[in-house]
There are 2 protein chains.
Amino acid sequence: MTVMQTTAGTLARNATSTDICSAPPRRHPRPDGQDRYTISEVVAFTGLTAHTLRWYERIGLMSHIDRSHTGQRRYSNRDLDWLDFVGKLRMTGMPVADMVRYAELVREGESTYPDRRQLLESTRRDVLARIAELQDTLAVLDRKISFYGDAGRARETEST
Amino acid sequence: MTVMQTTAGTLARNATSTDICSAPPRRHPRPDGQDRYTISEVVAFTGLTAHTLRWYERIGLMSHIDRSHTGQRRYSNRDLDWLDFVGKLRMTGMPVADMVRYAELVREGESTYPDRRQLLESTRRDVLARIAELQDTLAVLDRKISFYGDAGRARETEST
DNA sequence: TATGACCTTGGAGTGCACTCCAAGCAAGCG
DNA sequence: CGCTTGCTTGGAGTGCACTCCAAGGTCATA
């Protein structure tokens, strides 16, 4: 355990260091203690839809969200951090099923550290490969763009 | 704009410069003249399935493929180049519908150069953005991996 | 207390990009 | 000639990741 990340003057010491581990330097909408966001607030913060948030919970991508006395969801800063991380994983192209697998590992506790690490390292390799592919693609695009070259000068002054 | 990237001594002069424009330095399986590949050969070269190849043709992502006297498809080196490029576009996350749009522009001839250029430039911007996102994700992964750190050392010696 | 915005659920529907199927034609081989 | 393998077609099916719906309960404001 023992988080310890000395990332300069981050006022982020917010991670309770239980499970989410090294928290990103994210500024939460409200400080810990008042972090009981409704689903629509989370929609506003994350850009996900309420449908998607409920669906994430149903499939086990999020552990059970805290509820108000009448059964409405109340998300915490921790949940926001998790959603943030899930967003990153999603960007890597990782299938949701694999993210659920990771979430399960997290729920199982510290004993799954090696598995989690392996999963992340394999993801890391995928990301590196994808970046390489994209850079390759970029080269192709540049070649074609320069071929079409000044032919495109005529119209469209708002090209940026 | 004016891209201008002087990428060393590109020996690429093979493009007939009709439509596909600046062809990538791809070595074709057979030289021009003997390039009448069956669908299963193209499957072997590209990794796509025969289903997908036929489907690409049906939706207009490929212009009509040459046929043998009995009606079987015979792909040319040019078709292979196009599939190569389509593969690149696909990697950028461009929806198939947009690729079809590009294919239509190509079919319409030189008059669409400006539109094609614009489309590619917008794609280029998307690619750059995606690379940036991925690099961001990489940083997050690295942070987490180093958190899980040596906890994962125990088993699995084949980590690479 | 009533109006309207917000929240709940299970289950069904959507859009994308394939992916497969059945029925049938064609070529090569013993 | 029959057999196998490969190719053809239109249309239907699949899997993923949402996305929406209907029917109803909750909450803040007038």
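These numbers come from a predicted model, not from an experiment.
In this entry the distance linking CD of B:E57 with P of C:dC18 reads 16 Å, nearest Å. Taking atom NE2 of residue A:H69 and atom P of nucleotide C:dT8, one finds them 13 Å apart after rounding to whole Å. Atom CD1 in B:I65 sits about 11 Å away from atom P in D:dT9, given to the nearest Å. Taking atom NE2 of A:H64 as the reference point, atom P of C:dT8 lies 14 Å away to the nearest angstrom. The distance between atom OH of A:Y56 and atom C1' of D:dC18, rounded to the nearest whole Å, is 9 Å. Rounded to whole angstrom, the span from the CG atom of B:L53 across to the C1' atom of C:dC18 amounts to 12 Å. Atom CE of A:M94 is separated from atom P of D:dA17 by 11 Å (rounded to the nearest Å). Rounded to a whole Å, the CD1 atom of A:I59 is 17 Å from the P atom of C:dG11.
Side-chain proximity of A:P95 to D:dC7, D:dA17, C:dT8: nearest is D:dA17. Listed nucleotides C:dC21, C:dC18, D:dC7 differ in distance to B:V96; the shortest reach to its side chain belongs to C:dC18. Minimum atom distance to the side chain of A:W55 is reached by D:dT19, of the listed D:dT8, D:dT19, C:dT19. Taking every side-chain heavy atom of A:R73 into account, C:dT9 is the closest of C:dT9, C:dG11, C:dC6. Among D:dA17, C:dC7, C:dA17, the nucleotide with an atom closest to any side-chain atom of A:Q72 is C:dC7. Picking from C:dA27, D:dC20, D:dT8 the nucleotide with the shortest atom distance to the side chain of B:R54 gives D:dT8. Closest to the side chain of A:S40, from the set D:dT8, C:dC7, D:dC18, is C:dC7. Ranking D:dT19, C:dA27, D:dT9 by closeness to the B:R67 side chain, first place goes to D:dT9. For B:H51, the side-chain atoms get nearest to C:dC20 when compared with the rest of D:dA17, C:dC18, C:dC20. Comparing C:dA17, D:dC21, D:dC18 against the side chain of A:R90 picks out D:dC18 as the nearest.
Here the side chain of B:D81 pairs no donor or acceptor atom with the backbone of B:D79 at under 3.5 angstrom.
Salt-bridge formation is not detected for the pair B:E57/B:R54: no Lys NZ or Arg NE/NH1/NH2 atom is positioned less than 4.0 Å from an Asp or Glu carboxylate oxygen. Ionic pairing of B:E104 and B:R101 is present here: one or more N-O contacts between side-chain nitrogen and carboxylate oxygen are shorter than 4.0 angstrom. Ion pair A:K88/B:D136 flagged as a salt bridge, since at least one NZ, NE, NH1 or NH2 atom sits closer than 4.0 Å to an Asp/Glu carboxylate oxygen.
Nucleic acid contact class of A:R74 (heavy atoms, under 4.0 Å, all strands): none.
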Passes side chain to side chain donor-acceptor pair (under 3.5 Å), A:Y37 versus A:N77? Steps please.
-> CA-CA 8 Å; A:Y37 311 106; A:N77 282 336; 2.6 Å; yes

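Look at A:T38 and you'll find a side-chain N or O under 4.0 angstrom from OP1 or OP2 of C:dC7. The side chain of A:T70 places an N or O atom within less than 4.0 Å of a non-bridging phosphate oxygen (OP1 or OP2) of D:dC27.
Ranked by how close their nearest DNA chain D nucleotide is to the 5' end, A:R58 and A:S68 are led by A:R58.
Considering A:R78, A:R36, A:R74, A:R73 as possible partners of A:D66, the one that fulfils the salt bridge (charged side-chain N to carboxylate O under 4.0 Å, His left out) test is A:R36.
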